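Working notes, structure below.
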Amino acid sequence: MTETRTTAAHGGAIGMHGIQKWFGHFQAVNDVTLDIRPNEFFTLLGPSGCGKTTLLRMIAGFELPTEGQVLLDGTDISRLLPNQRPVNTVFQNYALFPHLTVAENIGFGLKMLGKPKAEIDGVIRDMLKLVHLEGRGDNPVTQLSGGQQQRVALARALAPRPKVLLLDEPLSALDLKLRKSMQMELKRLQLETGITFVFVTHDQEEALTMSDRIAVMSTGTVRQVGSPWDIYDRPAERFVADFIGETNFLEAEVVSVSGKSARVRLSSGAEIPATFPADITPSGKVTIVVRPEHAQAGAPSPASLLRGTVHEIVYLGTDTHFHVRLDDGTAFTVRQQNARSGHCGFAKDDPIGITFSDDVAQILRD
């Protein structure tokens, strides 16, 4: 997968350098530096209270940084008012005007900018087509579904052609099926418009589905920035590995290090290779991560890297999760795609052996 597009005629590169934000004695953002590229779908991902929405609000101008700079295409916009920035925001509750029609909502920002009526009408037609709401321009927004209202909010925000579109958890109020559909729509809109999107969410699947790059945040700091593949398959630290998807943590001891790979000994005595982040040199006791889908379950044998007992079996339709209690007491999960027969091959309390290939284990930064 290509990590991201690096050029776009529309611009919209954002730099956040040394950003700190205090609310009284509470530090919401702690020394964050980020560079968001033009024409990029960039996601700020993390749990509630991690500072992601505060960062978004500082790009929008609704909050001012206590320290640091916010740059747009190299220009410092840290102290500009929101209406002085070529940036628009789509809020969680859409903030549509209930007394206006769909078309009037979409054209509202252009009208406030004093654009000619002919130009406004042309943009409204383009936006209705872009968000697949042709023929609905005269409808009151109160007659639309939640998904349609979200499309109107997106069209209104895109109509003035901002350099950056900020999205503050805009899918959280939708049901699961519609939310998945709108994930694809948002990515399509970003690609078609060439506008830089900065998306805030606590939903890992949303971030992995739509983003060119993701910044994972915790307690006001950025813990890792990378492509969805980087974040999921090469987490740099335990928080990132634990927050993104389901994973297994194993204690191990480093036997040797060669280049970017180490050889580690598991509690079972088996030795396996493991990669590690470039900024550490592992030694002694370490924690390694193995994703459930990268492990294979079978009858215990000399080839088993780990052994244990099936504690619980969870059938999920497309796959089955085997929750295993290893011989040393550690919990371990194996995810296995289901066969047509529907028989998983194990029962609760069965002995089980676990293997995984040489390229899946990774040592985590403390």
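Just so it is clear, the structure is predicted and the values come from calculations on it, not from any experiment. Sequence positions, counted from 1, serve as the residue numbers for this chain.
Residues Val164 and Leu71 do not share a hydrophobic cluster, clusters being chains of Ile/Leu/Val/Met/Phe/Trp/Tyr side chains in contact below 4.5 Å. No continuous path of ILVMFWY side-chain contacts below 4.5 Å connects Leu208 to Leu167, so the two sit in separate hydrophobic clusters. Both Phe322 and Leu250 are part of a single hydrophobic cluster, where members link through side-chain heavy atoms under 4.5 Å apart. By the rule that hydrophobic residues join a cluster once side-chain heavy atoms approach within less than 4.5 Å of another member, Leu34 and Ile214 end up as members of separate clusters. Note on Phe243: it does not cluster hydrophobically with Leu364, by side-chain heavy-atom contacts below 4.5 Å among ILVMFWY residues.
With Ser301 contributing its side chain and Ala303 its backbone, the two residues share a donor-acceptor pair below 3.5 Å. Here the side chain of Asp230 pairs a donor or acceptor atom with the backbone of Ser227 at under 3.5 angstrom. Counting only distance, with no hydrogens or angles, the side chain of Arg223 and the backbone of Phe239 share no donor-acceptor pair below 3.5 Å. Looking only at distances, no side-chain donor or acceptor of Gln224 sits under 3.5 Å from a matching main-chain atom of Glu237. The backbone N or O of Ile195 sits less than 3.5 Å from a side-chain atom of Gln190, completing a donor-acceptor pair. Looking at Thr221, its side chain does come within 3.5 Å of a backbone N or O of Ser218 through a donor-acceptor pair. Proximity of a side-chain donor or acceptor of Thr196 to a complementary backbone N or O of Gly12 within less than 3.5 Å is detected. Side-chain atoms of Gln296 come within 3.5 Å of backbone N or O of His294 as a donor-acceptor pair. Checked by atom type and distance alone, the side chain of Thr43 never pairs as donor or acceptor with a backbone atom of Ser211 at under 3.5 Å. Within the 3.5 Å criterion, the main-chain N or O of Ala28 finds no donor-acceptor partner in the side chain of Lys21.
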Donor-acceptor contacts, no H, no angles, side chain residues 280-287, under 3.5 Å, sequence neighbours left out:
unit_1, atom_1, unit_2, atom_2, d
Thr287, OG1, Glu251, OE1, 3.4
Thr287, OG1, Glu251, OE2, 3.3

For residues 145-157, tabulate all N or O donor-acceptor pairs below 3.5 Å that involve a side-chain atom, not counting sequence neighbours.
unit_1, atom_1, unit_2, atom_2, d
Ser145, OG, Gln148, N, 3.3
Ser145, OG, Gln148, OE1, 3.3
Gln148, OE1, Ser145, N, 3.0
Gln149, NE2, Val141, O, 3.2
Gln149, NE2, Leu144, O, 3.2
Gln150, NE2, Pro170, O, 3.3
Arg151, NH1, Val131, O, 3.1
Arg156, NH1, Ala95, O, 3.1
Arg156, NH2, Tyr94, O, 3.1
Arg156, NH2, Ala95, O, 3.0

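Nearest heavy atoms, Asp212 versus Asn39: OD2-O, 4.2 Å. Across all their heavy atoms, Val222 and Ala215 have their closest contact at CG1-CB, 4.2 Å. In terms of heavy atoms, Ala299 sits closest to Phe346 at N-CZ, 4.3 Å. Asp327 and Gly308 get closest at one heavy-atom pair: OD1-CA, 3.6 Å. Of all heavy-atom pairs between Ile288 and Ala361, the closest is CD1-CB, 4.2 Å.
Taking NE2 of His323 as the start and CD1 of Ile352 as the end, the distance is 11.5 Å to the nearest 0.5 Å. Atom CZ of Phe356 is separated from atom CG of Asp359 by 11.0 Å, given to the nearest 0.5 angstrom. Of the inter-residue distances, the one linking Arg325 atom CZ with Thr330 atom OG1 reads 8.0 Å to the nearest 0.5 angstrom. Atom-to-atom distance recorded for Gln362:CD and Thr275:OG1 is 4.5 Å, nearest 0.5 angstrom. Atom CE of Met210 is separated from atom CG of Leu171 by 5.5 Å, given to the nearest 0.5 angstrom. With values rounded to the nearest 0.5 angstrom, Gln143 atom CD is found 11.0 Å from Thr101 atom OG1.
Put simply, the side chain of Gln20 does not reach to within 4.5 Å of the side chain of Val29, judged on heavy atoms. The side-chain heavy atoms of Asn30 and Thr219, taken from C-beta on, include no pair separated by under 4.5 Å. When side chains are defined from C-beta on, Arg263 counts as touching Pro273, because their heavy atoms get closer than 4.5 Å. Here the side chains of Leu130 and Leu189 are in contact, with some heavy-atom distance below 4.5 Å. Counting heavy atoms from C-beta on, the side chains of Met184 and Thr209 come closer than 4.5 Å. Taking the side chain as every heavy atom from C-beta outward, Arg179 and Glu206 approach each other to under 4.5 Å. Side chains of Leu316 and Asp319 form a contact here, defined as non-hydrogen atoms less than 4.5 Å apart. You'll find the side chain of Pro235 stays beyond 4.5 Å of the side chain of Ile244, heavy atoms only.
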Report task. Step by step, work out the side-chain contact (heavy atoms from CB on, under 4.5 Å) result for His202 and Thr53. Result -> CA-CA 10 Å; His202 63 275; Thr53 296; over 6 Å; no

Report task. For side-chain contact (heavy atoms from CB on, under 4.5 Å), just list the numbers for Thr201 and Leu45, CA-CA rounded to whole Å, side-chain angles, deciding distance to a tenth of an Å, and then say yes or no. Result -> CA-CA 5 Å; Thr201 184; Leu45 172 68; 4.0 Å; yes

Requested in this report: Please step through side-chain contact (heavy atoms from CB on, under 4.5 Å) for the pair Arg79 and Leu64, ending with a clear verdict.
Outcome: CA-CA 7 Å; Arg79 303 294 155 182; Leu64 300 181; 3.6 Å; yes

Query raised in the report: Would Ile231 and Val240 satisfy side-chain contact (heavy atoms from CB on, under 4.5 Å), going step by step from the backbone distance to the final call?
Result: CA-CA 7 Å; Ile231 297 297; Val240 176; 4.1 Å; yes

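A side-chain donor from one of Thr320 and Asn338 sits under 3.5 Å from a side-chain acceptor of the other. For the residue pair Thr33/His17, the side-chain donor-acceptor check at 3.5 Å is not satisfied. Between Ser78 and Asp76, the side chains place a donor N or O and an acceptor N or O closer than 3.5 Å (distance only, hydrogens not considered).
Between Arg265 and Glu271 there is a salt bridge, since a side-chain N of the basic residue sits under 4.0 Å from a carboxylate O of the acidic one. At a threshold of 4.0 Å, the pair Asp121-Lys115 does not count as salt-bridged, since none of the basic side-chain nitrogens sits closer than that to a carboxylate oxygen.
Annotation: ring pair (Phe, Tyr, Trp, His ring centres under 6.0 Å) contacts of Phe97 (sequence neighbours excluded): Phe108.
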